[in-house]
Protein chains: 2
Amino acid sequence: MASLSQSEENYLKEIFHLTQLQKEKVSTNSLASRLNTKASSITDMLQKLAEKQLVQYIKYKGCSLTENGEKIAVQIIRKHRLWETFLVNKLNFGWDEVHEVAEELEHIDSVKLVDSLDQFLNYPKFDPHGDPIPDKNGKIPYRKTKMKLVDAGIHKKLEIVRVNEDEMGLLKYLERQNLQLGTKLEIIEKFSFDDSMLVRTELDTTINLSKKVTENISVKIVEN
Amino acid sequence: MASLSQSEENYLKEIFHLTQLQKEKVSTNSLASRLNTKASSITDMLQKLAEKQLVQYIKYKGCSLTENGEKIAVQIIRKHRLWETFLVNKLNFGWDEVHEVAEELEHIDSVKLVDSLDQFLNYPKFDPHGDPIPDKNGKIPYRKTKMKLVDAGIHKKLEIVRVNEDEMGLLKYLERQNLQLGTKLEIIEKFSFDDSMLVRTELDTTINLSKKVTENISVKIVEN
DNA sequence: GTAAATTTTTAGTCTTGTCTAAAAAAATAG
DNA sequence: CTATTTTTTTAGACAAGACTAAAAATTTAC
């Protein structure tokens, strides 16, 4: 399997992410905005990736990953999330500092390196943002009980299990508010006029969170 | 300081290495053979690097690094050697398995990453091959008492302090012979007809080492 | 269901880093 | 010291990946 350029890898990864979100064929424009390129560049690359049998692509109709393309995308995501875990757990990076560096590290090409790192980190199942880390075979851990905070019910005991690292600034914001993975909280009140909500955390501080925030945090219900 | 491409970084690194070896201006051809490119490509790149004030270059006369170019080269070498140390000490790579991967890792661009790694590894002074690791400020540890094995005297107690990782196959060969960093040995006899030598190791095995080998191993005299 | 707006593709250009072939400079040999 | 050999540079080409502008297809609006 001839190795891919960083660019090609980034395209595969983004197609994968976008497919997760919308479950349909991925449009040229959506890729362009995620990858910060022009639509024409996307078209060029899609044609190339289609030739390599990594994506299915029909002119004007968007694209999706082939089995092989998806396999590769998942391995890149594995690398990304393992490196993020390494940076946070071993090198004491903040969770808002890891993304950029992991974007570089994910392209390092060595199966032995990735698997050794996985072992060194003790086969973590979730990265510092709560995203699942695919295993060596591409299997992605599934967290059964998980919902977006925005959709959670009032007065239930909740625990933060994931935050969306893609939302620029969200991580820093949460850091400031002292909200992190594992933080327990309860929705006190939901305000329908702006879809914000008032939550109370373990430490008995209450915070008002905007829709933008609660859409990008996932929680599970704590049984106790 | 605009960041450099991997290619540019590799050129700087090789110019640095070659300058260490010969102390003169580095020729186009010598660079070409180290970098596995054609001389014409070297010329192109040298002109580019000269414009960026990273090398001094006079047509037909070879090149050398400017102060700034050298600073950058040293930081790349720092990264390379720290990563090698990480791979061997933390991920249990063999010393013959690290070079390729470190060639990729050395181009990851994050000062915070490198410094954190340095701290995580406990500020190592030498990498798994015995090469000195420049510190954050570019200062390179100096090993006072060091000579090539080929130049060492007979019947002295010696200890291996460095092996040349650039010599393809040497590391694997030494692995086989059970010779590693820290191995103590003594030269029993030198053969002038082929410049090989007979050495006895701690374990009382005697091995004949060719000139090619003894030129690429450095030792210090053990006081005891 | 056609016109306007939007999305996507094509065509052509640019930069980076490489190459080959040919020309020019430097080094070497007698 | 001149002729030959070697080294280095120039000139021109190419592939990757991006861009702009224009054309084509699709979608939306009325």
Side-chain angles (χ1 to χ4, degrees), chain A residues 1-15 18-19 21-22 24-65 69 72-73 76 103-104 106-107 109, chain B residues 1-15 18-19 21-22 24-65 69 72-73 76 103-104 106-107 109:
Chain A
M1 191 191 300
S3 81
L4 302 174
S5 71
Q6 294 203 185
S7 232
E8 290 171 316
E9 292 192 348
N10 284 333
Y11 276 77
L12 294 181
K13 192 179 52 157
E14 281 311 330
I15 296 168
L18 288 173
T19 303
L21 292 182
Q22 5 146 116
E24 306 155 23
K25 294 236 158 189
V26 173
S27 75
T28 301
N29 260 0
S30 62
L31 267 173
S33 73
R34 284 296 234 105
L35 290 167
N36 287 305
T37 56
K38 292 299 156 72
S40 55
S41 309
I42 304 290
T43 302
D44 287 349
M45 184 61 96
L46 287 182
Q47 291 174 340
K48 205 173 80 174
L49 293 174
E51 255 179 40
K52 294 192 182 186
Q53 315 253 36
L54 298 173
V55 307
Q56 283 172 283
Y57 166 62
I58 303 165
K59 266 192 193 178
Y60 296 103
K61 296 295 182 185
C63 68
S64 59
L65 293 174
I72 295 172
I76 297 163
E103 287 287 306
E104 291 191 58
E106 74 189 4
H107 300 294
D109 179 30
Chain B
M1 192 190 301
S3 81
L4 302 174
S5 70
Q6 293 203 186
S7 234
E8 290 171 316
E9 292 192 349
N10 284 333
Y11 275 76
L12 294 181
K13 192 179 53 159
E14 281 312 329
I15 295 169
L18 288 173
T19 303
L21 292 181
Q22 4 146 116
E24 305 154 23
K25 293 235 160 192
V26 172
S27 76
T28 301
N29 261 359
S30 62
L31 267 174
S33 73
R34 285 296 235 103
L35 290 168
N36 288 304
T37 56
K38 292 301 156 71
S40 55
S41 308
I42 304 291
T43 303
D44 287 349
M45 184 61 96
L46 288 182
Q47 292 174 339
K48 204 172 83 174
L49 293 174
E51 254 179 39
K52 294 192 181 185
Q53 316 254 33
L54 299 172
V55 307
Q56 282 170 285
Y57 166 60
I58 304 164
K59 266 193 195 180
Y60 297 103
K61 296 295 182 186
C63 68
S64 59
L65 294 174
I72 295 172
I76 298 163
E103 287 287 305
E104 291 191 59
E106 74 189 5
H107 300 294
D109 179 31

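Residue numbers begin at 1 in each chain, while the letters A, B, ... track the order of the sequences.
Residues B/E103 and B/E106 are in side-chain contact: their nearest non-hydrogen atoms beyond the backbone lie under 4.5 Å apart. Using a 4.5 Å heavy-atom cutoff, the side chains of B/Y57 and B/I15 are not in contact. For the pair B/N10 and B/I76, the minimum side-chain heavy-atom distance is 4.5 Å or more. A 4.5 Å side-chain heavy-atom check between A/L4 and A/K52 finds at least one atom pair inside the cut-off.
Base engagement by A/S41 is indicated by at least one non-hydrogen atom pair under 4.0 Å involving a base atom. Note on A/S7: only backbone sugar-phosphate atoms sit closer than 4.0 angstrom, heavy atoms only; bases stay farther off.
Following rounding to the nearest Å, B/I42 (CD1) and D/dT10 (C1') show an atom-to-atom distance of 16 Å. Computed from coordinates, the B/Y60 OH to C/dA27 P distance equals 11 Å when rounded to whole Å. As a whole-Å value, the separation of B/D44 CG from D/dG12 C1' is 11 Å. Between B/Q6 atom CD and D/dA16 atom P the separation is 18 Å, expressed in whole Å. Atom NZ in B/K38 sits about 19 Å away from atom P in D/dT10, given to the nearest Å. Between B/E51 atom CD and C/dT15 atom P the separation is 13 Å, expressed in whole Å. Residue B/Y57 contributes atom OH, which lies 10 Å from atom C1' of D/dT10 at whole-angstrom precision. Note: CG (B/L49) to P (D/dT9) measures 13 Å, nearest angstrom.
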Derivation and outcome, side chain to side chain contact (heavy atoms under 4.5 Å, CB included), residues B/V26 and B/L65 = CA-CA 9 Å; B/V26 172; B/L65 294 174; over 6 Å; no
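Here the nucleotide nearest the side chain of A/T43, chosen from C/dA24, C/dC19, C/dT10, is C/dT10. Which of C/dT18, C/dA11, D/dA25 sits closest to the side chain of A/S40 comes down to C/dA11. Relative to the side chain of B/N29, the nucleotides D/dC19, C/dC19, D/dT8 differ in distance, and D/dT8 lies closest. In this structure, of C/dT18, D/dA18, C/dC19, it is C/dT18 that holds the atom nearest to the side chain of B/M45. Side chain of A/K59, nearest nucleotide from C/dT10, C/dC19, D/dT8: C/dT10. You'll find that the side chain of A/K61 is closest to D/dT26, out of C/dT8, D/dT8, D/dT26.
Checking the phosphate oxygens (OP1, OP2) of C/dT16, no side-chain nitrogen or oxygen of B/Y11 falls inside 4.0 Å.
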